[in-house]
Amino acid sequence: MSTSGTPQFRYTQTPSKVLHLRNLPWECTEEELIELCKPFGRIVNTKCNVGANRNQAFVEFADLNQAISMVSYYASSSEPAQVRGKTVYIQYSNRHEIVNNKSPGDVPGNVLLVTIEGVEAGDVSIDVIHLVFSAFGFVHKIATFEKAAGFQALIQFTDAETASSARNALDGRSIPRYLLPEHVGSCHLRISYSAHTDLNIKFQSHRSRDYTNPYLPVNPTAIEGITQPAVGPDGKKKEPESNVLLASIENMQYAVTVDVIHTVFSAFGTVQKIAIFEKNGQTQALVQYPDITTAAVAREALEGHCIYDGGYCKLHLSYSRHTDLNVKAYSDKSRDYTIPDASLLAVQAAPGVPAAPPAWQNPQAAPLYPGNEYSAAAAVHGQVPSGQVPSWDPTMQGGRSTYVSAPGTYPGQNFATSSSIPAYGAASAVAMPAGSSPLSHTGPLSQPGVPPNVRPGGASPPGVRPGGVSPPGQPPYYGQ
DNA sequence: AGCACA
(Lines give C-alpha, C1' and ligand atoms only; values in the text may rest on other atoms or scores of the structure.)
Protein backbone atom coordinates (compact mmCIF):
# COMPACT_ATOMS: atom_id res chain seq x y z
CA MET A 1 0.00 0.00 0.00
CA SER A 2 2.31 2.65 -1.18
CA THR A 3 0.58 5.92 -0.86
CA SER A 4 1.66 7.60 -4.03
CA GLY A 5 1.66 11.12 -2.58
CA THR A 6 4.07 10.39 0.28
CA PRO A 7 7.48 9.37 -0.89
CA GLN A 8 8.88 6.79 1.50
CA PHE A 9 12.44 7.52 0.56
CA ARG A 10 15.34 6.43 2.66
CA TYR A 11 13.42 4.85 5.43
CA THR A 12 12.26 1.36 5.02
CA GLN A 13 8.93 0.60 6.44
CA THR A 14 9.21 -2.82 7.90
CA PRO A 15 6.65 -3.07 10.64
CA SER A 16 7.90 -2.77 14.17
CA LYS A 17 6.31 -2.72 17.58
CA VAL A 18 8.04 0.60 17.93
CA LEU A 19 6.55 3.62 16.22
CA HIS A 20 8.40 6.78 15.42
CA LEU A 21 6.33 9.92 15.81
CA ARG A 22 7.38 13.31 14.54
CA ASN A 23 6.13 16.83 14.28
CA LEU A 24 4.96 16.65 17.84
CA PRO A 25 4.68 19.85 19.82
CA TRP A 26 7.86 20.24 21.79
CA GLU A 27 5.92 20.43 25.04
CA CYS A 28 4.36 17.08 24.35
CA THR A 29 4.20 14.99 27.49
CA GLU A 30 4.33 11.27 27.84
CA GLU A 31 0.68 11.37 28.92
CA GLU A 32 -0.37 12.99 25.67
CA LEU A 33 1.61 10.43 23.77
CA ILE A 34 -0.11 7.62 25.58
CA GLU A 35 -3.52 9.21 25.04
CA LEU A 36 -2.89 9.23 21.33
CA CYS A 37 -1.64 5.69 21.06
CA LYS A 38 -3.43 3.65 23.67
CA PRO A 39 -6.61 3.11 21.63
CA PHE A 40 -4.56 0.78 19.46
CA GLY A 41 -3.00 -1.41 22.07
CA ARG A 42 -0.99 -1.69 25.22
CA ILE A 43 1.95 0.63 25.42
CA VAL A 44 4.95 -0.85 27.12
CA ASN A 45 7.41 1.97 26.69
CA THR A 46 7.72 5.50 25.42
CA LYS A 47 10.39 8.03 24.78
CA CYS A 48 9.30 11.55 24.13
CA ASN A 49 10.91 14.90 23.52
CA VAL A 50 13.47 13.28 21.31
CA GLY A 51 15.69 15.06 18.83
CA ALA A 52 17.20 18.49 18.71
CA ASN A 53 13.76 20.07 18.60
CA ARG A 54 12.29 17.66 21.10
CA ASN A 55 9.47 17.07 18.71
CA GLN A 56 9.88 13.41 18.07
CA ALA A 57 8.89 10.43 20.11
CA PHE A 58 8.89 6.67 20.18
CA VAL A 59 6.12 4.45 21.37
CA GLU A 60 6.50 0.75 21.85
CA PHE A 61 3.44 -1.48 21.80
CA ALA A 62 3.22 -4.81 23.50
CA ASP A 63 2.37 -6.45 20.22
CA LEU A 64 3.39 -5.89 16.65
CA ASN A 65 -0.21 -6.05 15.48
CA GLN A 66 -1.12 -3.15 17.73
CA ALA A 67 1.51 -1.01 16.09
CA ILE A 68 0.35 -2.10 12.68
CA SER A 69 -3.23 -1.23 13.55
CA MET A 70 -2.25 2.29 14.52
CA VAL A 71 -0.18 2.89 11.42
CA SER A 72 -2.89 1.43 9.18
CA TYR A 73 -5.58 3.41 10.87
CA TYR A 74 -3.92 6.76 10.31
CA ALA A 75 -2.75 5.75 6.85
CA SER A 76 -6.35 5.54 5.71
CA SER A 77 -7.97 8.00 8.07
CA SER A 78 -9.21 11.34 6.88
CA GLU A 79 -8.40 12.74 10.32
CA PRO A 80 -4.67 12.86 10.91
CA ALA A 81 -3.20 11.96 14.27
CA GLN A 82 -2.94 15.10 16.32
CA VAL A 83 -1.44 16.33 19.55
CA ARG A 84 -2.42 19.80 20.67
CA GLY A 85 -3.77 20.48 17.24
CA LYS A 86 -0.55 19.56 15.48
CA THR A 87 -0.56 16.82 12.94
CA VAL A 88 1.64 13.98 14.05
CA TYR A 89 3.36 11.78 11.50
CA ILE A 90 3.63 8.16 12.43
CA GLN A 91 5.92 5.51 11.03
CA TYR A 92 7.38 2.24 12.06
CA SER A 93 10.63 2.82 13.78
CA ASN A 94 13.67 1.22 12.33
CA ARG A 95 14.37 -0.27 15.73
CA HIS A 96 12.45 -2.98 17.42
CA GLU A 97 12.55 -1.87 20.97
CA ILE A 98 12.92 1.31 22.88
CA VAL A 99 16.09 1.42 24.83
CA ASN A 100 15.36 3.63 27.73
CA ASN A 101 18.63 4.66 29.11
CA LYS A 102 16.95 6.78 31.60
CA SER A 103 19.85 8.52 33.17
CA PRO A 104 19.40 9.83 36.68
CA GLY A 105 18.93 13.27 35.20
CA ASP A 106 15.83 12.09 33.42
CA VAL A 107 14.06 10.98 36.52
CA PRO A 108 11.64 13.80 37.21
CA GLY A 109 11.89 15.76 40.40
CA ASN A 110 11.12 19.20 41.65
CA VAL A 111 14.69 20.41 41.36
CA LEU A 112 16.30 21.12 38.03
CA LEU A 113 19.98 21.03 37.29
CA VAL A 114 20.62 23.69 34.71
CA THR A 115 23.88 23.97 32.87
CA ILE A 116 24.35 27.25 31.15
CA GLU A 117 26.69 26.60 28.30
CA GLY A 118 29.08 29.11 26.90
CA VAL A 119 29.04 31.57 29.74
CA GLU A 120 31.09 32.30 32.76
CA ALA A 121 29.63 32.57 36.19
CA GLY A 122 29.63 36.33 36.11
CA ASP A 123 27.71 36.57 32.87
CA VAL A 124 24.37 35.38 34.09
CA SER A 125 23.14 36.76 37.33
CA ILE A 126 21.01 34.78 39.68
CA ASP A 127 18.28 37.34 39.13
CA VAL A 128 18.23 36.60 35.43
CA ILE A 129 17.99 32.91 36.16
CA HIS A 130 15.21 33.58 38.59
CA LEU A 131 13.37 35.68 36.07
CA VAL A 132 13.63 33.11 33.34
CA PHE A 133 12.50 30.18 35.45
CA SER A 134 9.81 32.04 37.32
CA ALA A 135 7.81 31.99 34.13
CA PHE A 136 6.81 28.44 34.97
CA GLY A 137 5.94 28.73 38.60
CA PHE A 138 7.20 29.82 41.95
CA VAL A 139 10.91 29.31 42.26
CA HIS A 140 11.69 28.34 45.82
CA LYS A 141 15.44 28.28 45.82
CA ILE A 142 18.39 28.69 43.52
CA ALA A 143 21.95 27.63 44.07
CA THR A 144 24.58 28.35 41.46
CA PHE A 145 28.07 27.00 41.17
CA GLU A 146 30.82 26.38 38.71
CA LYS A 147 31.86 22.93 37.70
CA ALA A 148 33.81 21.31 34.96
CA ALA A 149 30.58 21.16 32.99
CA GLY A 150 30.34 24.92 33.19
CA PHE A 151 28.17 27.34 35.03
CA GLN A 152 25.37 25.47 36.69
CA ALA A 153 22.33 26.21 38.75
CA LEU A 154 20.03 24.10 40.85
CA ILE A 155 16.52 25.44 40.70
CA GLN A 156 13.92 24.26 43.10
CA PHE A 157 10.26 24.33 42.21
CA THR A 158 7.24 23.31 44.21
CA ASP A 159 6.77 20.04 42.41
CA ALA A 160 8.00 17.86 39.61
CA GLU A 161 5.20 19.02 37.32
CA THR A 162 6.29 22.64 37.46
CA ALA A 163 9.90 21.62 37.10
CA SER A 164 9.15 19.49 34.10
CA SER A 165 7.20 22.24 32.38
CA ALA A 166 10.19 24.50 32.82
CA ARG A 167 12.51 21.82 31.58
CA ASN A 168 10.41 21.00 28.56
CA ALA A 169 10.14 24.63 27.67
CA LEU A 170 13.71 25.68 28.22
CA ASP A 171 15.97 22.72 27.62
CA GLY A 172 18.17 23.43 24.65
CA ARG A 173 16.94 26.98 24.37
CA SER A 174 18.74 30.17 25.17
CA ILE A 175 18.36 32.91 27.66
CA PRO A 176 17.09 35.97 25.77
CA ARG A 177 19.90 38.11 24.48
CA TYR A 178 18.74 41.26 26.15
CA LEU A 179 19.20 39.61 29.51
CA LEU A 180 22.82 38.85 28.81
CA PRO A 181 25.99 40.89 28.58
CA GLU A 182 26.92 41.79 25.05
CA HIS A 183 30.06 39.73 24.90
CA VAL A 184 28.16 36.52 25.47
CA GLY A 185 27.66 34.68 22.25
CA SER A 186 25.25 31.83 22.54
CA CYS A 187 24.10 30.53 25.83
CA HIS A 188 22.22 27.29 25.67
CA LEU A 189 20.51 25.79 28.63
CA ARG A 190 20.95 22.11 29.28
CA ILE A 191 18.45 20.99 31.80
CA SER A 192 18.12 17.76 33.67
CA TYR A 193 16.53 16.77 36.91
CA SER A 194 18.51 16.89 40.06
CA ALA A 195 18.11 14.20 42.65
CA HIS A 196 17.75 16.93 45.25
CA THR A 197 14.35 17.66 46.62
CA ASP A 198 15.19 20.49 48.95
CA LEU A 199 18.19 22.70 48.52
CA ASN A 200 20.08 23.71 51.57
CA ILE A 201 20.54 27.43 51.15
CA LYS A 202 22.28 29.07 54.05
CA PHE A 203 22.61 32.60 52.78
CA GLN A 204 21.12 34.99 50.35
CA SER A 205 24.04 35.80 48.14
CA HIS A 206 24.91 36.36 44.54
CA ARG A 207 25.33 32.62 44.32
CA SER A 208 22.32 31.34 46.12
CA ARG A 209 18.84 32.42 47.04
CA ASP A 210 16.01 31.14 49.11
CA TYR A 211 12.86 32.88 47.98
CA THR A 212 10.82 31.15 50.63
CA ASN A 213 12.74 32.79 53.42
CA PRO A 214 13.27 36.50 53.03
CA TYR A 215 14.78 36.66 56.50
CA LEU A 216 17.65 34.42 55.67
CA PRO A 217 20.86 36.27 56.43
CA VAL A 218 22.47 38.01 53.54
CA ASN A 219 26.00 37.00 52.97
CA PRO A 220 27.58 39.28 50.43
CA THR A 221 30.95 37.62 50.82
CA ALA A 222 29.76 34.11 50.14
CA ILE A 223 31.82 34.03 47.04
CA GLU A 224 33.04 30.54 47.50
CA GLY A 225 29.62 29.05 47.42
CA ILE A 226 29.63 25.60 48.84
CA THR A 227 33.27 25.30 49.50
CA GLN A 228 34.79 27.88 51.75
CA PRO A 229 33.28 29.21 54.89
CA ALA A 230 32.87 32.90 55.27
CA VAL A 231 35.20 34.92 57.40
CA GLY A 232 33.63 37.03 60.06
CA PRO A 233 34.59 40.60 60.90
CA ASP A 234 36.81 39.42 63.70
CA GLY A 235 38.83 37.44 61.22
CA LYS A 236 37.76 34.15 62.71
CA LYS A 237 36.14 31.57 60.61
CA LYS A 238 32.46 32.05 60.91
CA GLU A 239 31.29 28.63 60.07
CA PRO A 240 28.22 27.07 61.47
CA GLU A 241 28.99 23.57 62.59
CA SER A 242 27.96 20.81 60.31
CA ASN A 243 28.06 17.08 60.14
CA VAL A 244 29.87 17.47 56.84
CA LEU A 245 33.51 18.44 56.80
CA LEU A 246 35.28 20.14 53.96
CA ALA A 247 38.87 18.99 53.73
CA SER A 248 41.33 20.91 51.63
CA ILE A 249 44.42 18.96 50.86
CA GLU A 250 47.63 20.88 50.65
CA ASN A 251 50.92 19.72 49.22
CA MET A 252 49.35 16.76 47.55
CA GLN A 253 52.38 14.80 46.53
CA TYR A 254 50.50 11.57 46.55
CA ALA A 255 47.16 10.58 45.25
CA VAL A 256 44.41 10.76 47.78
CA THR A 257 41.66 8.37 46.97
CA VAL A 258 38.23 7.94 48.40
CA ASP A 259 39.57 4.99 50.31
CA VAL A 260 42.31 7.02 51.85
CA ILE A 261 39.89 9.67 52.97
CA HIS A 262 37.58 7.03 54.26
CA THR A 263 40.27 5.36 56.27
CA VAL A 264 41.51 8.57 57.79
CA PHE A 265 38.11 9.91 58.70
CA SER A 266 36.62 6.63 59.83
CA ALA A 267 38.82 6.82 62.87
CA PHE A 268 36.32 9.17 64.43
CA GLY A 269 33.06 7.63 63.51
CA THR A 270 30.99 6.31 60.70
CA VAL A 271 31.72 8.04 57.46
CA GLN A 272 28.50 8.15 55.48
CA LYS A 273 29.55 9.77 52.26
CA ILE A 274 32.62 11.14 50.58
CA ALA A 275 33.04 13.38 47.59
CA ILE A 276 36.40 14.40 46.19
CA PHE A 277 36.72 17.25 43.75
CA GLU A 278 39.07 19.88 42.46
CA LYS A 279 38.66 23.50 43.35
CA ASN A 280 41.02 26.06 41.92
CA GLY A 281 43.59 23.42 41.30
CA GLN A 282 43.40 22.13 44.82
CA THR A 283 41.94 18.85 45.84
CA GLN A 284 39.13 19.00 48.30
CA ALA A 285 36.96 16.42 49.87
CA LEU A 286 33.61 16.52 51.55
CA VAL A 287 33.20 13.99 54.30
CA GLN A 288 29.84 13.32 55.80
CA TYR A 289 29.30 12.04 59.30
CA PRO A 290 25.97 11.20 60.86
CA ASP A 291 26.20 14.05 63.32
CA ILE A 292 27.92 17.30 64.12
CA THR A 293 29.64 15.97 67.20
CA THR A 294 31.56 13.35 65.27
CA ALA A 295 32.47 15.86 62.65
CA ALA A 296 33.69 18.25 65.29
CA VAL A 297 35.88 15.60 66.88
CA ALA A 298 37.35 14.65 63.53
CA ARG A 299 37.93 18.24 62.62
CA GLU A 300 39.63 18.98 65.87
CA ALA A 301 41.83 15.93 65.62
CA LEU A 302 42.82 16.15 62.01
CA GLU A 303 43.12 19.85 61.35
CA GLY A 304 46.60 20.70 60.21
CA HIS A 305 47.73 17.11 60.14
CA CYS A 306 49.16 15.37 57.15
CA ILE A 307 47.88 12.19 55.63
CA TYR A 308 51.42 11.14 54.94
CA ASP A 309 54.51 11.71 56.92
CA GLY A 310 56.82 14.40 55.78
CA GLY A 311 54.29 17.15 55.32
CA TYR A 312 52.49 15.56 52.41
CA CYS A 313 48.80 15.95 51.88
CA LYS A 314 48.21 18.32 54.72
CA LEU A 315 44.60 18.59 55.76
CA HIS A 316 42.72 21.77 56.41
CA LEU A 317 39.28 21.24 57.73
CA SER A 318 36.25 23.36 57.94
CA TYR A 319 32.56 22.77 58.18
CA SER A 320 30.75 22.43 54.96
CA ARG A 321 27.44 24.05 54.42
CA HIS A 322 26.14 20.75 53.19
CA THR A 323 24.30 18.50 55.53
CA ASP A 324 23.61 15.66 53.18
CA LEU A 325 25.82 14.99 50.23
CA ASN A 326 24.35 13.83 47.01
CA VAL A 327 26.99 11.56 45.59
CA LYS A 328 27.35 8.64 43.29
CA ALA A 329 27.33 5.51 45.38
CA TYR A 330 30.56 4.27 43.92
CA SER A 331 32.90 6.21 41.72
CA ASP A 332 36.54 7.07 41.85
CA LYS A 333 35.63 10.45 43.30
CA SER A 334 32.77 9.62 45.57
CA ARG A 335 31.28 7.00 47.75
CA ASP A 336 28.02 6.55 49.55
CA TYR A 337 28.52 4.11 52.36
CA THR A 338 24.92 4.33 53.45
CA ILE A 339 23.85 2.33 50.46
CA PRO A 340 24.00 -1.30 51.45
CA ASP A 341 25.21 -2.48 48.09
CA ALA A 342 28.04 -0.03 47.87
CA SER A 343 30.59 -2.47 49.17
CA LEU A 344 29.40 -5.03 46.72
CA LEU A 345 29.71 -2.55 43.91
CA ALA A 346 33.14 -1.68 45.12
CA VAL A 347 34.17 -5.25 44.93
CA GLN A 348 32.72 -5.67 41.51
CA ALA A 349 34.40 -2.57 40.30
CA ALA A 350 37.78 -3.66 41.51
CA PRO A 351 38.59 -7.00 40.05
CA GLY A 352 40.84 -9.12 42.10
CA VAL A 353 39.81 -7.49 45.30
CA PRO A 354 38.43 -9.91 47.81
CA ALA A 355 35.11 -9.17 49.34
CA ALA A 356 36.36 -8.30 52.74
CA PRO A 357 33.62 -6.62 54.70
CA PRO A 358 34.59 -3.01 54.89
CA ALA A 359 35.12 -1.74 58.35
CA TRP A 360 33.17 1.43 58.09
CA GLN A 361 34.13 2.29 61.54
CA ASN A 362 37.06 1.35 63.56
CA PRO A 363 36.56 1.93 67.21
CA GLN A 364 40.18 1.31 67.94
CA ALA A 365 41.19 4.27 65.97
CA ALA A 366 39.09 6.81 67.67
CA PRO A 367 41.32 8.60 70.10
CA LEU A 368 42.23 12.21 69.82
CA TYR A 369 45.68 13.21 68.82
CA PRO A 370 46.65 16.40 70.46
CA GLY A 371 50.26 16.10 69.54
CA ASN A 372 51.60 17.35 66.27
CA GLU A 373 54.65 15.24 66.08
CA TYR A 374 53.03 12.66 63.89
CA SER A 375 51.15 13.04 60.76
CA ALA A 376 47.47 12.48 60.90
CA ALA A 377 47.81 9.12 59.33
CA ALA A 378 50.55 8.16 61.65
CA ALA A 379 48.41 9.26 64.48
CA VAL A 380 45.49 7.27 63.29
CA HIS A 381 47.27 4.20 62.22
CA GLY A 382 50.50 4.40 64.02
CA GLN A 383 52.28 3.42 60.89
CA VAL A 384 52.78 5.53 57.95
CA PRO A 385 55.56 6.00 55.65
CA SER A 386 54.36 8.35 53.04
CA GLY A 387 53.43 6.42 50.06
CA GLN A 388 53.82 3.34 52.03
CA VAL A 389 50.27 2.71 51.63
CA PRO A 390 49.29 -0.78 52.42
CA SER A 391 47.13 0.41 55.21
CA TRP A 392 45.12 2.51 52.83
CA ASP A 393 44.11 -0.15 50.50
CA PRO A 394 40.37 -0.63 50.52
CA THR A 395 40.77 -4.29 50.99
CA MET A 396 42.68 -3.68 54.13
CA GLN A 397 39.91 -2.15 56.01
CA GLY A 398 38.38 -5.35 57.10
CA GLY A 399 41.61 -6.85 58.17
CA ARG A 400 43.33 -3.95 59.78
CA SER A 401 43.23 -4.36 63.46
CA THR A 402 46.74 -3.72 64.55
CA TYR A 403 48.38 -0.38 64.91
CA VAL A 404 52.07 -0.49 64.80
CA SER A 405 53.91 2.59 65.73
CA ALA A 406 56.44 3.26 63.08
CA PRO A 407 56.79 6.94 62.60
CA GLY A 408 59.87 8.18 60.98
CA THR A 409 59.52 6.10 57.91
CA TYR A 410 59.95 7.77 54.61
CA PRO A 411 59.02 7.50 51.03
CA GLY A 412 61.05 5.26 48.90
CA GLN A 413 61.93 2.88 51.59
CA ASN A 414 60.96 -0.63 51.10
CA PHE A 415 59.19 -1.87 54.13
CA ALA A 416 58.22 -5.32 54.92
CA THR A 417 54.87 -4.06 55.85
CA SER A 418 53.32 -7.40 55.78
CA SER A 419 55.40 -8.41 58.67
CA SER A 420 54.88 -5.26 60.62
CA ILE A 421 51.16 -5.53 60.24
CA PRO A 422 50.52 -9.20 60.29
CA ALA A 423 46.84 -8.67 60.60
CA TYR A 424 46.41 -8.17 56.93
CA GLY A 425 49.30 -9.91 55.43
CA ALA A 426 47.12 -12.64 54.15
CA ALA A 427 44.57 -10.31 52.70
CA SER A 428 47.18 -8.34 50.88
CA ALA A 429 48.62 -11.43 49.37
CA VAL A 430 45.38 -11.91 47.59
CA ALA A 431 44.54 -8.33 47.01
CA MET A 432 47.74 -6.91 45.79
CA PRO A 433 49.03 -7.42 42.37
CA ALA A 434 51.80 -5.13 43.46
CA GLY A 435 53.03 -2.29 41.48
CA SER A 436 53.43 1.36 41.94
CA SER A 437 56.02 3.07 43.91
CA PRO A 438 55.67 5.72 46.51
CA LEU A 439 57.53 7.98 44.20
CA SER A 440 55.69 7.21 41.08
CA HIS A 441 53.85 9.90 39.23
CA THR A 442 50.51 8.49 39.97
CA GLY A 443 51.30 8.22 43.59
CA PRO A 444 50.94 5.26 45.76
CA LEU A 445 47.22 5.22 46.03
CA SER A 446 45.99 5.97 42.63
CA GLN A 447 45.60 2.42 41.60
CA PRO A 448 43.28 0.59 43.84
CA GLY A 449 44.59 -2.80 44.58
CA VAL A 450 47.90 -1.96 43.06
CA PRO A 451 49.76 -0.39 45.78
CA PRO A 452 52.92 -0.53 47.44
CA ASN A 453 55.54 -2.58 48.86
CA VAL A 454 53.42 -5.11 50.54
CA ARG A 455 54.15 -8.34 48.93
CA PRO A 456 54.38 -11.38 50.99
CA GLY A 457 56.69 -13.53 49.03
CA GLY A 458 55.31 -15.76 46.41
CA ALA A 459 51.74 -14.98 47.17
CA SER A 460 50.91 -12.93 44.17
CA PRO A 461 47.94 -14.05 42.18
CA PRO A 462 48.85 -15.82 39.02
CA GLY A 463 48.54 -13.88 35.87
CA VAL A 464 48.26 -10.55 37.56
CA ARG A 465 50.70 -8.06 36.33
CA PRO A 466 51.84 -5.05 38.22
CA GLY A 467 49.59 -2.20 37.41
CA GLY A 468 51.51 0.30 35.44
CA VAL A 469 55.10 0.94 34.81
CA SER A 470 57.54 0.64 37.59
CA PRO A 471 59.07 4.01 38.08
CA PRO A 472 62.78 4.45 38.15
CA GLY A 473 64.36 3.41 41.34
CA GLN A 474 61.57 1.14 42.24
CA PRO A 475 62.59 -2.38 42.88
CA PRO A 476 60.40 -4.56 40.75
CA TYR A 477 58.14 -6.94 42.50
CA TYR A 478 58.11 -9.35 39.71
CA GLY A 479 61.74 -9.17 39.05
CA GLN A 480 63.10 -11.52 36.55
C1' DA B 1 8.49 16.40 9.24
C1' DG B 2 12.49 11.73 8.76
C1' DC B 3 15.00 7.53 14.19
C1' DA B 4 17.14 7.97 20.51
C1' DC B 5 23.59 7.27 22.54
C1' DA B 6 21.18 10.92 27.72
Side-chain angles (χ1 to χ4, degrees), chain A residues 1-34 36-37 43-61 64 66-68 70-109 111-118 147-150 152-155 160 163-164 166-173 188-196 326-329 331:
Chain A
M1 46 158 173
S2 47
T3 20
S4 50
T6 41
Q8 302 296 331
F9 57 100
R10 278 189 298 201
Y11 293 94
T12 55
Q13 294 292 301
T14 26
S16 163
K17 284 185 302 183
V18 181
L19 299 183
H20 176 226
L21 293 80
R22 56 203 151 81
N23 202 36
L24 290 157
W26 47 267
E27 336 63 316
C28 179
T29 63
E30 186 183 29
E31 287 70 38
E32 290 171 303
L33 210 57
I34 291 171
L36 177 70
C37 302
I43 296 153
V44 297
N45 211 344
T46 65
K47 189 170 185 66
C48 57
N49 307 116
V50 164
N53 299 325
R54 316 197 123 260
N55 57 2
Q56 299 173 48
F58 297 90
V59 172
E60 180 177 339
F61 283 100
L64 177 64
Q66 298 169 346
I68 293 175
M70 181 164 183
V71 170
S72 330
Y73 175 84
Y74 284 112
S76 58
S77 167
S78 53
E79 294 290 311
Q82 288 192 327
V83 169
R84 300 194 191 195
K86 281 193 82 178
T87 295
V88 177
Y89 299 86
I90 303 168
Q91 288 178 294
Y92 299 113
S93 172
N94 53 23
R95 305 200 196 175
H96 288 86
E97 64 178 16
I98 291 178
V99 291
N100 256 5
N101 323 332
K102 264 209 171 146
S103 64
D106 289 329
V107 179
V111 178
L112 295 178
L113 172 63
V114 179
T115 303
I116 307 175
E117 297 174 341
K147 278 211 165 172
Q152 296 191 306
L154 288 164
I155 300 175
S164 99
R167 184 183 117 117
N168 288 337
L170 294 176
D171 191 19
R173 303 172 87 87
H188 290 287
L189 302 173
R190 287 281 165 246
I191 305 180
S192 60
Y193 294 103
S194 164
H196 285 100
N326 198 328
V327 297
K328 276 208 178 89
S331 81

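Please read all numbers here as calculations on a predicted model, not as lab measurements. The figures here come from the full heavy-atom set of this structure, side chains too, leaving out hydrogens, waters and symmetry mates. Numbered from 1 within each chain, the chains take letters A, B, ... in sequence-line order.
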Between A:I98 and A:N23, which residue's closest nucleotide on DNA chain B lies nearer the 5′ terminus?
A:N23
5′-ward residue of the pair A:N55/A:D106 relative to DNA chain B
A:N55
Whole angstrom value for the distance that separates [atom2] of [N] from [atom1] of [X]:
{"X": "A:R190", "N": "B:dC5", "atom1": "CZ", "atom2": "P", "value": "11 Å"}
{"X": "A:R167", "N": "B:dA6", "atom1": "CZ", "atom2": "C1'", "value": "9 Å"}
{"X": "A:N53", "N": "B:dA4", "atom1": "CG", "atom2": "P", "value": "13 Å"}
{"X": "A:R95", "N": "B:dC5", "atom1": "CZ", "atom2": "P", "value": "8 Å"}
{"X": "A:Y92", "N": "B:dA4", "atom1": "OH", "atom2": "P", "value": "20 Å"}
{"X": "A:L113", "N": "B:dA6", "atom1": "CG", "atom2": "C1'", "value": "13 Å"}
{"X": "A:E117", "N": "B:dA6", "atom1": "CD", "atom2": "P", "value": "13 Å"}
{"X": "A:I191", "N": "B:dA6", "atom1": "CD1", "atom2": "P", "value": "18 Å"}

By the 4.0 Å heavy-atom rule, please label A:E60 as base, sugar-phosphate, or nothing.
nothing
For A:V88, report the nucleic acid contact type (base, sugar-phosphate, nothing); a contact means any heavy atom under 4.0 Å.
nothing
About how many Å separate OG1 of A:T46 and CD of A:E32, when rounded to the nearest 0.5 Å?
12.0 Å
Gap separating the CG atom of A:L113 from the OH atom of A:Y193, nearest 0.5 angstrom
12.5 Å
With A:C48 via side chain to side chain contact (heavy atoms under 4.5 Å, CB included) - residues at least two apart
A:E30, A:L33, A:A57
List the residues meeting side chain to side chain contact (heavy atoms under 4.5 Å, CB included) with A:Q56, not counting sequence neighbours, and say none if there are none.
A:H20, A:R22, A:V50
